[in-house]
Enquirer: 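Questions regarding the structure given below will be posed in turn.
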Amino acid sequence: MLDLKFVRENPELVKAGIAKRNDHTDIDKILELDSKRREIIRTVEQLKSDKNKASGEIAQKKKAGEDASAAITRMREVGEKIGALDNELRTVEEEMNSILVWVPNIPHESVPVGADESANVVVREWGEIPKPDFTVLPHWEIGEKLGILDMAAAAKISGSGFYLLKGLGARLQRALVSYMLDTHSADGFTEMAAPFIVNADTMFGTGQLPKLEADMYKTTEDNMYLIPTAEVPITNYFKQQIIDYKQLPIYMVGHSPCFRREAGAAGKDTRGMIRVHQFEKVEMVKIVHPDSSYDELESLLLQAEKILQGLKIPYRVCNLASGDLSFAAAKCYDIELWAAGVKRYLEISSVSNFEDFQARRMNCRFRDEDKKMRHPHTLNGSGVALARLIPAVLENYQNADGTITVPEVLRPYMGGIENIG
RNA sequence: GGAGAGAUGGCCGAGCGGCUGAAGGCGGCGGAUUGCUAAUCCGUUAUAGGGCUAAUGGCUCUAUCCAGGGUUCGAAUCCCUGUCUCUCCGCCA
């Protein structure tokens with residue numbers, strides 16, 4: 001959420017910022033309601049001040065045994081006026097907030113301006129795209145052939161958009177999760193195992209609600225949501241908290257399933273594991289001092305890249321254009337890895353700086369060196385998503401004889417197995 | 001799921017329906033003092049939102065004792081609802 005004061009003082013900057021994202025939230029309406037709000041506050045607080053004074057006088061009179069009934073009658077009327085104005089104030093504030101919570105974050109100045117992903121800028125590429133002398137099968141074919149991936153079974157059990165791994169396929173997923181968690185932990189990230197089902201307030205905190213309501217699975221009985229990413233429970237660990245600046249920066253990492261309805265995505269990338277309703281992901285979260293958040297963004301990006309470098313899978317990094325940014329992000333890098341079977345780049349990680357957008361929503365603050373209360377900056381980055389990493393391993397490590405070489409870094413986690421098939 | 005108890009400032013903890021934004025303690029910060037790795041003493045110690053003042057500061061008002069309602073001229077204090085925590089019972093991986 002943007003700071004109301006900031007919106008009030010920099011309306012043109014805010015409008016220009018959201019325009020870059022093709023967002024058309026009515027900023028003028030917010031300003032109009034805000035001025036109405038402040039006008040009511042001025043009136044009602046004057047009345048309250050009078051009331052408090054009169055209350056004191058009534059108490060004095062009663063103590064002295066004097067008659068206070070005239071003042072009491074007068075105050076009864078003032079009380080009613082206050083009640084009416086408080087109601088009006090609440091209505092105005094609710095209306096204002098109902099718009100304010102839909103205002104996306106303002107893109108950072110280093111974000112390329114553009115309407116959609118076609119304006120994304122590739123900032124670097126790593127690794128050589130392999131040119132195998134045989135036909136590399138897409139992961140769903142090689143996976144089925146080796147008996148480690150069963151899409152049909154998943155469809156039978158749950159429906160379309162689910163995958164089922166078995167045998168060494170399941171073990172490969174577990175090995176990847178362990179490899180990633182161990183790598184990040186060794187670099188100072190605290191491992192977290194947080195709830196996968198959260199309340200609405202938590203979903204609001206990281207910016208999923210209200211905007212992404214339709215993309216999430218929701219429980220009907222208890223009004224809870226299945227998390228779309230571990231970012232949600234891990235970042236919200238600091239919801240409603242005051243952190244001492246000496247504790248910053250805070251690095252956390254966690255593994256979770258991610259549940260996504262993918263409403264409206266039907267027909268796009270539907271083959272195999274590439275777009276599914278449930279997938280595993282290792283997620284890194286940082287809570288940092290505002291002064292260092294853009295340096296922290298770069299190092300978080302490198303941390304995610306480290307995983308792919310360890311696996312020796314070629315990738316590229318994109319600086320997302322303003323129109324392609326997610327609701328809460330001020331800047332975001334996507335990492336896309338090369339999948340040799342489907343012969344294209346797959347988005348596998350988003351590394352974002354939310355600045356104080358999430359912290360303000362969560363009411364997470366820190367006391368800085370001068371004892372001032374400030375909002376920290378929050379960042380997160382996939383480190384990385386499994387449902388696209390597994391296909392990349394199955395395709396990039398595929399051999400001409402239909403076997404798959406187990407990447408070296410995973411062998412300790414696979415009981416020393418060097419080949420699947 | 002059933003029964004009961006509780007929720008107060010960074011922490012602990014007191015609180016009669018009316019000078020209680022809240023005693024006391026701890027911690028933190030500032031200072032004083034002492035030949036000694038510390039003690040003692042004094043002071044200070046929230047957040048948010050308005051308004052005024054062109055100050056990188058000040059003045060002032062309002063709100064906040066889990067949350068939301070209610071009673072009342074007036075609520076931390078009384079009533080209702082919800083949330084969470086604890087204890088006991090039931091169920092259970």
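As the structure is a computational prediction, the values presented were derived from the model and not from experiment. Each chain gets a letter, A, B and so on, in the order its sequence line appears, and its residues count up from 1.
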Enquirer: Would you check if there is a donor-acceptor pair between the side chains of Thr219(A) and Asp222(A) at a distance under 3.5 Å?
Expert: no

Enquirer: What's the verdict on side-chain hydrogen bond (donor to acceptor under 3.5 Å, both in side chains) for Tyr217(A) and Gln278(A), showing C-alpha distance, side-chain angles and the deciding distance?
Expert: CA-CA 11 Å; Tyr217(A) 287 101; Gln278(A) 180 188 331; over 6 Å; no

Enquirer: What is the distance, rounded to the nearest whole Å, between atom NZ of Lys62(A) and atom P of rC19(B)?
Expert: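 Interatomic distance, NZ of Lys62(A) to P of rC19(B): 14 Å.
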
Enquirer: What is the separation between atom CG on Asn87(A) and atom P on rG68(B), rounded to the nearest whole Å?
Expert: 14 Å

Enquirer: Please give, in whole Å, the distance from rG74(B) C1' to Leu47(A) CG?
Expert: 16 Å

Enquirer: Residues two or more places apart in sequence or in another chain: which of them pass side chain to side chain donor-acceptor pair (under 3.5 Å) with Glu213(A)?
Expert: Tyr225(A)

Enquirer: What interatomic distance, in whole Å, is found between P of rU44(B) and the corresponding atom of rG24(B)?
Expert: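 It comes out at 11 Å once rounded to the nearest Å.
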
Enquirer: For the C1' atoms, the ones on rU72(B) and on rG17(B), what distance do you get once it is rounded to whole angstrom?
Expert: 9 Å

Enquirer: Using the C1' atom in both, what is the distance from rU47(B) to rG9(B), to the nearest Å?
Expert: 10 Å

Enquirer: Do you know which two heavy atoms are closest between Ala385(A) and Ser382(A), and how far apart they sit?
Expert: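 Ala385(A) and Ser382(A) have their closest heavy atoms at N-CB, 4.3 Å.
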
Enquirer: Does NZ or CZ of Lys286(A) fall inside the cone over Tyr251(A)'s six-membered ring, less than 6.0 Å from its centre and within 45° of the axis?
Expert: yes

Enquirer: Starting at CD1 of Ile242(A) and ending at C1' of rC11(B), how long is that distance when rounded to a whole Å?
Expert: 13 Å

Enquirer: How far does the P atom of rG4(B) sit from the matching atom of rU81(B), given to the nearest Å?
Expert: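 Those two atoms are separated by 12 Å.
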
Enquirer: Taking Tyr245(A)'s backbone N and O only, do any of them form a donor-acceptor pair with His289(A)'s side chain (distance below 3.5 Å, no angle check)?
Expert: no

Enquirer: Between the side chains of His377(A) and Glu355(A), does any donor sit under 3.5 Å from an acceptor?
Expert: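 His377(A) vs Glu355(A): no donor-acceptor pair found between side chains.
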
Enquirer: Determine whether a donor-acceptor pair (N or O, by modelled atom type, separation under 3.5 Å) exists between the side chain of Asn319(A) and the backbone of Val123(A).
Expert: no

Enquirer: Using the P atom on both, measure rG90(B) against rC12(B) and round to a whole Å.
Expert: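 That atom pair is separated by 33 Å.
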
Enquirer: Whole-Å distance between rA75(B) P and Ile58(A) CD1?
Expert: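 Distance check: Ile58(A) CD1 to rA75(B) P gives 11 Å.
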
Enquirer: Let me know the distance between CG of Asp244(A) and P of rC29(B), rounded to the nearest Å.
Expert: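 Atom-to-atom, Asp244(A) to rC29(B), this comes out as 11 Å.
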
Enquirer: When you check the side-chain N and O atoms of Glu298(A) and Gln303(A), is any donor under 3.5 Å from an acceptor?
Expert: no

Enquirer: Say whether, by atom type as modelled, one donor and one acceptor occur between the side chain of Thr73(A) and the main chain of Ser69(A) under 3.5 angstrom.
Expert: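 A pair under 3.5 Å: yes.
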
Enquirer: Using a 4.0 Å cut-off on heavy atoms, which residues in residues 68-82 of chain A reach RNA chain B? List them by number, or say none.
Expert: Ile72(A), Met75(A), Arg76(A)

Enquirer: Between rG13(B) and rC66(B), how many Å separate the two P atoms, rounded to a whole number?
Expert: 14 Å

Enquirer: If a stem is a run of at least 3 consecutive Watson-Crick or G-U pairs, both distances under 3.5 Å, which stems include RNA chain B?
Expert: B:1-7 with B:83-89, B:10-12 with B:24-26, B:27-32 with B:40-45, B:46-53 with B:57-64, B:66-70 with B:78-82

Enquirer: Considering only residues two or more places apart or on different chains, which pairs with a residue in residues 166-194 of chain A satisfy salt bridge (charged side-chain N to carboxylate O under 4.0 Å, His left out)?
Expert: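 Applying salt bridge (charged side-chain N to carboxylate O under 4.0 Å, His left out) to every pair that reaches into residues 166-194 of chain A, excluding sequence neighbours, yields Asp187(A)-Lys306(A).
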
Enquirer: Quick one: what's the B/S/- string for nucleotides 44-67 of chain B, heavy-atom cutoff under 4.0 Å, read 5' to 3'?
Expert: ---SSBSS---------BBS----

Enquirer: Which residues satisfy the side chain to side chain donor-acceptor pair (under 3.5 Å) test with Ser98(A), sequence neighbours excluded?
Expert: none

Enquirer: Given the C1' atoms of rA63(B) and rG74(B), what is the spacing between them in whole Å?
Expert: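 Result for the C1' pair: 16 Å, nearest Å.
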
Enquirer: Quote, to the nearest angstrom, the P distance that separates rC79(B) from rU85(B).
Expert: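 Comparing P positions in rC79(B) and rU85(B) gives a spacing of 24 Å.
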
